[in-house]
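Encoded as structure tokens, the structure appears first; notes follow it.
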Number of protein chains: 2
Amino acid sequence: MAVRSANDIHELIERLLRQGDLRYTTGRRAIVDLLCRVGQPVSISDIESQLPSIPRSSAYRHLVDLQSVGAVRRVAANDDFARFELAEDLTEHHHHLLCTSCGDVIDVAPTPAFEKAVTTMIEQFAEREGFRPFSHSLDIVGHCRECG
Amino acid sequence: MAVRSANDIHELIERLLRQGDLRYTTGRRAIVDLLCRVGQPVSISDIESQLPSIPRSSAYRHLVDLQSVGAVRRVAANDDFARFELAEDLTEHHHHLLCTSCGDVIDVAPTPAFEKAVTTMIEQFAEREGFRPFSHSLDIVGHCRECG
DNA sequence: GTTGTAATGAGACTGAGTCTTGTTCTATGG
DNA sequence: CCATAGAACAAGACTCAGTCTCATTACAAC
């Protein structure tokens with residue numbers, strides 16, 4: 001799903017951090033690396049098991065920092081564990097398949113026809129409700145291939 | 001947004017509970033009443049303030065019971081408080097406007113054109129990913145009228 | 001009534017996520 | 001090179017939404 005190379009992403013995130021007077025340190029880079037590699041939303045326990053050298057408190061702090069500069073986005077999954085992924089500006093707009101059995105989250109890219117329909121509809125809501133939309137996300141709930 | 005009258009909803013929920021060998025007691029009814037009245041997702045603190053006679057532990061238990069028979073659905077909002085609403089079977093299919101400023105959740109009914117586009121796209125994903133879809137939800141993130 | 005089961009209230013408990021504190025890096029400047 | 005100031009960090013205490021336990025109460029069936 002990566003539209004840019006990992007190198008590009010690192011460079012972009014470094015710039016984003018610098019704009020916020022933050023450094024792109026080893027710990028932050030390790031987390032971004034993981035997010036690039038996995039290519040789908042990652043939970044804190046994923047981070048703990050993949051990057052055991054990073055303490056939980058640091059992982060949370062890094063994620064908050066990365067969010068604050070717009071490099072990372074928090075994803076609300078179906079279980080009650082927060083998950084994190086690279087911001088869409090760095091990858092591409094996509095939606096999520098949520099498995100209610102194993103909790104897994106799978107990224108999927110929408111078709112242009114669908115996104116056009118969404119945009120049209122959102123404009124209607126915005127008009128009617130006086131709502132100013134920033135972004136949208138579609139979650140498809142069901143069972144993944146493994147869970148049948 | 002109510003497609004059925006509150007009376008109908010109570011009757012349906014009573015039947016759902018009975019099928020699960022559960023009774024439609026005063027506490028459960030009070031919560032369902034609140035969900036009908038408010039007509040949008042409600043948080044635990046909303047329930048506490050609107051129904052002070054129901055202890056928190058009971059409110060949570062009632063919500064779990066109501067969920068287990070399919071009368072109520074848990075909604076993941078943008079803040080990290082769970083919210084609850086009547087299941088779509090009892091009301092009508094709808095989506096959510098999430099305000100990132102005040103945390104409010106507003107129900108909106110999708111246009112038929114949009115739902116057709118969603119269905120088509122979901123079928124494609126299901127095919128491609130071996131995913132068995134049960135339901136979907138679209139969240140539109142932004143600022144509500146009050147928050148500008 | 002009696003009796004078995006569901007429902008309830010009160011409060012202890014759990015654990016994801018946050019905050020605090022003291023320490024270690026690192027970028028700059030003399 | 002060293003000094004030093006601010007950022008980053010590790011460790012662990014802390015918070016509080018949500019869950020669990022258990023003793024008590026309501027209810028349905030006989």
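Naming: A, B, ... by sequence-line order, numbering from 1 per chain.
Applying the salt bridge (Lys or Arg N to Asp or Glu O under 4.0 Å) definition to pairs two or more places apart or across chains, those involving residues 35-51 of chain B are B:Glu48-B:Arg56. Listed by first then second residue, pairs satisfying salt bridge (Lys or Arg N to Asp or Glu O under 4.0 Å) with a partner in residues 118-128 of chain A number zero, not counting sequence neighbours. Among pairs with a residue in residues 109-120 of chain A, none fulfils salt bridge (Lys or Arg N to Asp or Glu O under 4.0 Å), at least two apart in sequence or across chains.
Rounded to whole angstrom, the span from the CZ atom of B:Arg61 across to the C1' atom of D:dT24 amounts to 12 Å. Rounded to an integer number of Å, the gap from CD of A:Glu48 to P of D:dG12 is 14 Å. When rounded to the nearest whole Å, the span between CZ of A:Arg18 and C1' of D:dG6 equals 15 Å.
With sequence neighbours excluded, the residues satisfying side-chain contact (heavy atoms from CB on, under 4.5 Å) with A:Arg61 are A:Ser58, A:Asp65. Applying the side-chain hydrogen bond (donor to acceptor under 3.5 Å, both in side chains) test to A:Arg23 and every residue at least two apart in sequence or in another chain returns nothing. For A:Asp89, the side-chain contact (heavy atoms from CB on, under 4.5 Å) criterion is met by no residue, not counting sequence neighbours. Under the rule for a ring pair (Phe, Tyr, Trp, His ring centres under 6.0 Å), the partners of B:Tyr24 that lie at least two apart in sequence or sit in another chain are B:His10. With sequence neighbours left out, A:Arg18 forms a side-chain hydrogen bond (donor to acceptor under 3.5 Å, both in side chains) with A:Glu14. In terms of the ring pair (Phe, Tyr, Trp, His ring centres under 6.0 Å) criterion, residue partners of B:His136 (sequence neighbours excluded) are, by chain and number, B:His93, B:His95.
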Can you name the atoms? Protein N/O to nucleotides 17-19 of chain D N/O, anything below 3.5 Å, with the distance.
from, atom 1, to, atom 2, distance (Å)
D:dG18, OP1, B:Ala82, N, 3.2
D:dG18, OP2, B:Tyr60, OH, 2.7
D:dG18, O5', B:Tyr60, OH, 3.2

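When DNA chain C is scanned 5' to 3' for any atom under 4.0 Å from a heavy atom of chain A, the first and last hits are C:dA16 to C:dT26.
Only A:Gly27, A:Arg28, listed by number, bring a heavy atom of residues 26-33 of chain A to less than 4.0 angstrom from any atom of DNA chain D.
Between B:Ile13 and B:Leu90, the closest side-chain pair of non-hydrogen atoms falls below 4.5 Å.
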